[in-house]
Amino acid sequence: KAGVTQTPRYLIKTRGQQVTLSCSPISGHRSVSWYQQTPGQGLQFLFEYFSETQRNKGNFPGRFSGRQFSNSRSEMNVSTLELGDSALYLCASSLEGQEGEKLFFGSGTQLSVL
Amino acid sequence: SQQGEEDPQALSIQEGENATMNCSYKTSINNLQWYRQNSGRGLVHLILIRSNEREKHSGRLRVTLDTSKKSSSLLITASRAADTASYFCATPRGAGKSTFGDGTTLTVKP
């Protein structure tokens, strides 16, 4: 079974631009979560989607948004990029997204904002 | 701030030695999980321990949980160079959400 696939692996953008990251979950997994990882703040939860609906959201500004498609694939978008958005963005999938369920992570997208 | 805090932040040992890392958390939990992350990659789930369990084993891993002290420890026995990675404890906080500690960076020298 293929694992969680995130594309692209690396991305370089400039301030003010927008970016879209993609995540394909493990086949059969219906929950997709997104995390931001930085050296200063560690791993922080962005949001979670299940059956195309956002069920849970972290404390990030509205510039961070996401969506999920009927095949469970998910995208996250960051608009008006800031230098502080430079981070490793990780996507994780699970069967139902129930509390405490094991998360399967992708390798991440390393975003650099110049 | 993060729910979990790992201690120590960094640990360097020789191959064959045991590595112990600790995690503290602030609020009550139903279970606690440990993950490993190799440099710049995604996290890999290692083990889950439920709140009614005190100790759990999986291969060379041993996890303990003390809910009265709100702490957990991860012991890796007979460490190998391939165990070099960062280790995070995670506490579930709702649908698809876990709160991760700051992590312990383990270096195992051959």
Side-chain angles (χ1 to χ4, degrees), chain A residues 3-6 9-10 23 25-26 29-51 53-60 66 68 72 74 87-112, chain B residues 1-10 21 23-53 56 58 61 63 65 67 72 85-105:
Chain A
V4 177
T5 304
Q6 289 188 248
R9 182 73 181 94
Y10 300 95
C23 172
I26 290 172
H29 284 195
R30 296 163 64 194
S31 168
V32 174
S33 300
W34 289 89
Y35 290 82
Q36 180 197 64
Q37 185 176 29
T38 60
Q41 297 297 315
L43 277 150
Q44 297 199 80
F45 173 79
L46 282 155
F47 28 65
E48 186 261 1
Y49 286 88
F50 178 84
S51 291
T53 300
Q54 186 183 89
R55 291 194 302 187
N56 212 342
K57 190 176 187 303
N59 296 323
F60 279 82
Q68 186 181 36
S72 294
S74 177
L88 180 65
Y89 289 87
L90 293 164
C91 161
S93 75
S94 62
L95 280 168
E96 301 287 335
Q98 293 179 3
E99 185 172 287
E101 199 174 340
K102 180 166 39 172
L103 298 175
F104 293 82
F105 284 83
S107 295
T109 293
Q110 184 68 54
L111 172 65
S112 297
Chain B
S1 64
Q2 293 286 335
Q3 163 77 336
E5 294 178 2
E6 264 100 349
D7 167 52
Q9 285 190 329
M21 49 207 89
C23 163
S24 61
Y25 56 92
K26 296 185 178 123
T27 58
S28 63
I29 57 171
N30 293 321
N31 65 69
L32 183 143
Q33 301 180 50
W34 285 88
Y35 287 81
R36 182 189 76 224
Q37 183 180 34
N38 290 90
S39 181
R41 310 295 291 186
L43 282 75
V44 175
H45 184 270
L46 294 175
I47 193 166
L48 178 151
I49 185 165
R50 303 190 188 283
S51 59
N52 61 353
E53 298 175 310
K56 197 161 182 182
S58 177
L61 305 179
V63 169
L65 180 63
T67 53
S72 174
S86 292
Y87 292 82
F88 297 87
C89 66
T91 51
R93 293 294 166 211
K97 176 182 180 180
S98 284
T99 299
F100 288 84
D102 295 328
T104 292
T105 299

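Numbered from 1 within each chain, the chains take letters A, B, ... in sequence-line order. Quick caveat, the model's predicted, so the values are computed rather than measured.
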Mark yes when over 12 heavy atoms from residues, nucleotides or ligands other than A:Asn59 sit less than 6.0 Å from its CG; otherwise mark no.
->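 No.
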
Answer yes or no: is there a side-chain heavy-atom contact under 4.5 Å between B:Leu46 and B:Ser58?
->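 Not touching, per the 4.5 Å side-chain cut-off.
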
Proximity breakdown for [X] and chain B, heavy-atom pairs closer than 4.5 Å:
{"X": "A:Gln110", "value": "neither"}
{"X": "A:Tyr35", "value": "side chain"}
{"X": "A:Glu48", "value": "side chain"}

Hey, which residues of residues 88-98 of chain A are touching chain B, say heavy atoms under 4.5 Å apart?
->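 Listed by number: A:Leu88, A:Leu90, A:Gly97.
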
Look at the side chain of [X] and the backbone N and O of [Y], then say whether any donor-acceptor pair between them is shorter than 3.5 Å.
{"X": "A:Tyr49", "Y": "A:Gly66", "result": "yes"}
{"X": "B:Gln33", "Y": "A:Gly100", "result": "yes"}
{"X": "A:Arg55", "Y": "B:Gly94", "result": "no"}

Which atoms form the tightest heavy-atom contact between [X] and [Y], and what is the distance?
{"X": "B:Pro8", "Y": "B:Thr104", "result": "O-OG1, 2.6 Å"}
{"X": "A:Ser72", "Y": "A:Arg30", "result": "OG-CA, 3.7 Å"}
{"X": "A:Trp34", "Y": "A:Ser74", "result": "NE1-OG, 3.0 Å"}

Select, from B:Gly96, B:Ser98, B:Pro92, the one with the greatest count of heavy-atom pairs under 4.5 Å involving chain A.
->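 Sorted descending by pairs with chain A, the first entry is B:Gly96.
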
Quick one: which of A:Gly3, A:Ser107, A:Ser33 has the most heavy-atom pairs under 4.5 Å with chain B, could you say?
->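 Winner by heavy-atom pair count: A:Ser107.
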
Reported CG-to-OG1 distance for the pair B:Leu32 and B:Thr99, which is rounded to 0.5 angstrom =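 Between B:Leu32 CG and B:Thr99 OG1, I get 11.0 Å after rounding to 0.5 Å.
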
Part of B:Leu48 within contact of chain A (heavy atom distance under 4.5 Å) =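 Just its side chain gets close to chain A.
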
